[in-house]
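None of the values given here were measured: they were computed from a predicted structure. Below, all heavy atoms of this structure are taken into account, side chains as well, without hydrogens, waters or symmetry copies.
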Protein chains: 2
Amino acid sequence: MGDDRRVETTETAPPTGREAVERAALGMFEEQGYAGTSVRAIAGAAGVDPALVIRWFGSKEDLFLRVLSLTEKPVPDLTGPLDTLGERLVAFALAPGQRDVRRDLTALVRASDSSSVRSRLRQITRTLFVERLVERLDGPNAELRSHLIASQLGGLLQSWDVAEDQNVAAASRDRIITLYGAALQALIDPPVE
Amino acid sequence: MGDDRRVETTETAPPTGREAVERAALGMFEEQGYAGTSVRAIAGAAGVDPALVIRWFGSKEDLFLRVLSLTEKPVPDLTGPLDTLGERLVAFALAPGQRDVRRDLTALVRASDSSSVRSRLRQITRTLFVERLVERLDGPNAELRSHLIASQLGGLLQSWDVAEDQNVAAASRDRIITLYGAALQALIDPPVE
DNA sequence: CGACGACAGTCAACACCGTTGACTCAGGAG
DNA sequence: CTCCTGAGTCAACGGTGTTGACTGTCGTCG
């Protein structure tokens, strides 16, 4: 309702006020984190008065949550043979093309002092990952196992980012895929007992 | 050198200035995170001028790093049979008695926008965990596998905290120990290939 | 056509933050 | 006694997120 966006607007055209703020905010939040980017800096980059940013989006945290929703980001492919899904998930998580997603998740984790951010984090892992994975898992405790697999992947991303290519270089990515994939696989395969 | 701490000081005696600041800082950082606690609040709780806190410790971040060093915190026991070490590690990480350590690590992760905090995080996992575990692992890639096991545990702690006993209640802790322990075990056991 | 109300945008200010410089003042050395 | 050094105090700086009062512009109605 009332969505009167111009049809002939090119993709790279200077975006309108609100959109400019959202783009600037996303970029700066990804790059410098929540605490490291100020509302005034976002407003400056978007050519807008800082007070307007608050007017439009409610608060800095509301803007943060709106812009880091991770909707319209690619989602891991859970189809295909189950017995190699572990490796495929790790490969997906560490793929160079997923750097944006990794940075978004990192930014969210680092801002998760706030309970609304934690809630958003829960919602993201649940709807984008756990709910989709649980339908493919056989055996008991499928939902708990899905959550634990999400934890494994989260831990890997966390370490990958903290390590800063210091010990885990790109050369060892293949080995990580094999090894960590096997660890995921231990939770993908139905428990033996 | 110069460590003239009184011998007869009882443990609960009102601590001297610097010590009072450190205790207040640790408690508030654990409880409300780095961004959520102000130098002024720490100084107020310790009954000290805010400027003195900066004088004594250099900066808020320096105080944070000094107080969250995780030295003198219990360290996981890596002795005992290797084929059940996975479960024991998970049980240790989720033990009620380790709540302080979990909160310390959480606070560090959430403050890891700063590269010095990331460096401290790297140092902690390396010296308190990886270096000790790598000597017990057989088979190839022992160091990388140790790092990956640390990642798994970090992811579990992260999820455990974000979940806020919403889905993973204390009742399912035993199941988590079994399941996630098996996942750790996949990296503890030497790769088959 | 002119008056009016709603509303987007602007600006200064608030309370708070981490940090610093100038100051006071007690205590030891010459 | 005088001087000096060091610790503790206080006000202030530049920065933060946010808000209230103000402006100007536009559509609507008498």
Practice item. Check whether the side chains of B:R120 and B:Q123 place a donor and an acceptor atom closer than 3.5 Å, and report yes or no. Key: yes
Check your understanding: Is there side-chain contact between B:Q152 and A:Q152, with heavy atoms separated by less than 4.5 Å?
Key -> yes
Review point. Are the side chains of B:L179 and A:N141 in touch, meaning some heavy atoms are under 4.5 Å apart?
Key: yes
Review point. Quick one: does A:R40 reach the base of D:dG15 with a side-chain donor-acceptor pair under 3.5 Å?
Key: no
Check your understanding: In terms of ring plane angle, is the pair A:F64 and A:F29 parallel, tilted or perpendicular, where the classes change at 30° and 60°?
Key -> perpendicular
Practice item. Of all the heavy-atom pairs spanning A:M28 and A:A41, show the shortest one and how long it is. Key: CE-CB, 3.6 Å
Revision key, fill the gap. In numerical order, the residues of residues 49-58 of chain A whose heavy atoms come under 4.0 Å of DNA chain C are A:D49, A:A51, A:L52, A:R55, A:W56
What is the distance, to the nearest angstrom, from the [atom1] atom on [X] to the [atom2] atom on [N]?
{"X": "B:K60", "N": "C:dT19", "atom1": "NZ", "atom2": "P", "result": "8 Å"}
{"X": "B:D62", "N": "C:dT20", "atom1": "CG", "atom2": "C1'", "result": "15 Å"}
{"X": "A:M28", "N": "D:dT16", "atom1": "CE", "atom2": "C1'", "result": "14 Å"}

Exercise for review: Can you establish whether the number of heavy atoms outside A:R136 located under 6.0 Å from its atom CZ is more than 12?
Suggested key: yes
